[in-house]
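A quick write-up on the structure given underneath.
The first residue of the sequence shown is numbered 1, and numbering continues consecutively from there. Side-chain atoms are counted along with the backbone in the values below, which use heavy atoms only and exclude waters and symmetry mates. Counting starts at 1 for both ligands and their atoms, following the listed order.
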Amino acid sequence: MATVKNWQIGREMAYPYPETRPQRQFAAVFDLNKCIGCQTCTMACKTTWTVGKGQEYMQWNNVECKPYGGYPMGWDVRLLEKLGPQPWEGSRFAGKTIFEAAPTGERVLGFTPEELDWSYSNAGEDEAAGTLDKGAYETMPEHKLWFFYLPRICNHCTYPACLAACPRQAIYKRPEDGIVVVDQSRCRGYRECVKACPYEKVLYNPVLRISQKCIGCYPAVEQGIQPRCVTTCIGKIRLMGFLSKPEEAKADRPMDFLVHLRKVALPLYPQFGLEPNVYYIPPVSVRREFLRQLFGPGVDHAIETYLKGKDDPELLGMLHLFGDTKEIIESFRTFPASGEAAGYDKKGREIVRVPVKEPDYLRPFYDAARQVYRHNIS
Ligand code: SF4
Ligand code: F3S
């Protein structure tokens, strides 16, 4: 085992291979306050990549409903239970990662889901946690009754457990963008990767007898286009880009700005130790304890910053650029004077410009021209 630096857990950790970071790291931010669970992303991915034989059950992108959903069933609670207590000391994780907790003779602590676990992709959907007394009502920010949608793809981890576990070295991280792929000609179907990925994002194809996974839509990314799940999202909750190391973060890079500077987007289960590269803006009305287990100790700061976003022109501008262009936004700028935000491509060309504040139209209660009354609409 080598010793590598994992900034998400605030310390060094053991990993089977030495630290090698790609030239650029694929990353994405998903705003959970905006996801409506419509599954457009799931279908866009499904119809693009997993229409073949043996892929029927595969959802490289899935959207599950927390706290009771999960695809495969119980993927996270089962591993959390195996891992035991996961204490944080401030921003430093004081427990064991899944590499450090690996059983003797294995590289990763994991489990293999069974066929039945893959049979109910929408189990637990729209089932709320908590109770609301008769006559009571919800107050902000934390609701008593809550659920939220959690869209998931492969995290194209900095320290992938799938890659660490494969005895054939059939999985690799592309040096140019950090996207994690299975070399299908090397794979022999050992399925150690399926067992090792704590996010259960490597899927075995029983017809081809090899494993397959989200490829980050690299043919699009290579042309400066964001992945399908991002560009088709009707809730405009997603943005894909490239993330620098914390010490190299630049304020005009969307991912760096959201993850490293405003710290409004957080990794999923950072305590597993993979440095996953899909980041989530936590849902503001959900029980904090639950969110801290999912996204680590940064939750309170992230929610506070997000809620103050209306007074933060840069953050507001950045959030308005989600879902507004297919092209990868390499850098952005806000224009407080004109109330606009703009995104630029690799060559610095403007590819999108949006108003940050839209005008309000107050329409009269009684519309004399149409001789109608308007009720509760704006
Ligand atoms: Fe591998 Fe799973 Fe990480 Fe994707 S999420 S890179 S499949 S360990
Ligand atoms: Fe390796 Fe997984 Fe294939 S462990 S051989 S990539 S099934």
Is there a donor-acceptor contact under 3.5 Å linking the side chains of N61 and T42? yes
Atoms of the protein (N/O/S only) found under 2.8 Å from atom 2 (Fe) of ligand 2: C193 SG
Atom pair OG/CG of S211 and N205 - distance to nearest 0.5 Å: 8.5 Å
Anything protein N/O/S under 2.8 Å from atom 1 (Fe) of ligand 1? Just list residue and atom, please. C162 SG
Would you confirm whether the ring centroid of F99 sits within less than 6.0 angstrom of the ring centroid of Y159? no
Restricting to non-hydrogen atoms, name the atom on E330 and the atom on D345 that form the minimum distance, rounded to 0.1 Å. CG-C, 3.6 Å
Do E64 and R152 sit within salt-bridge range, that is, some charged N less than 4.0 Å from a carboxylate O? yes
Could you tell me whether R333 and D252 make a salt bridge, using a distance below 4.0 angstrom between a side-chain N and a carboxylate O? no
Regarding R78 and D117, does a basic nitrogen lie under 4.0 Å from an acidic carboxylate oxygen? yes
Check ion pair R11-E100 (N to O, under 4.0 angstrom): yes
Taking atom types as modelled, find out whether Q39 and K46 have a side-chain donor-acceptor pair closer than 3.5 angstrom. no
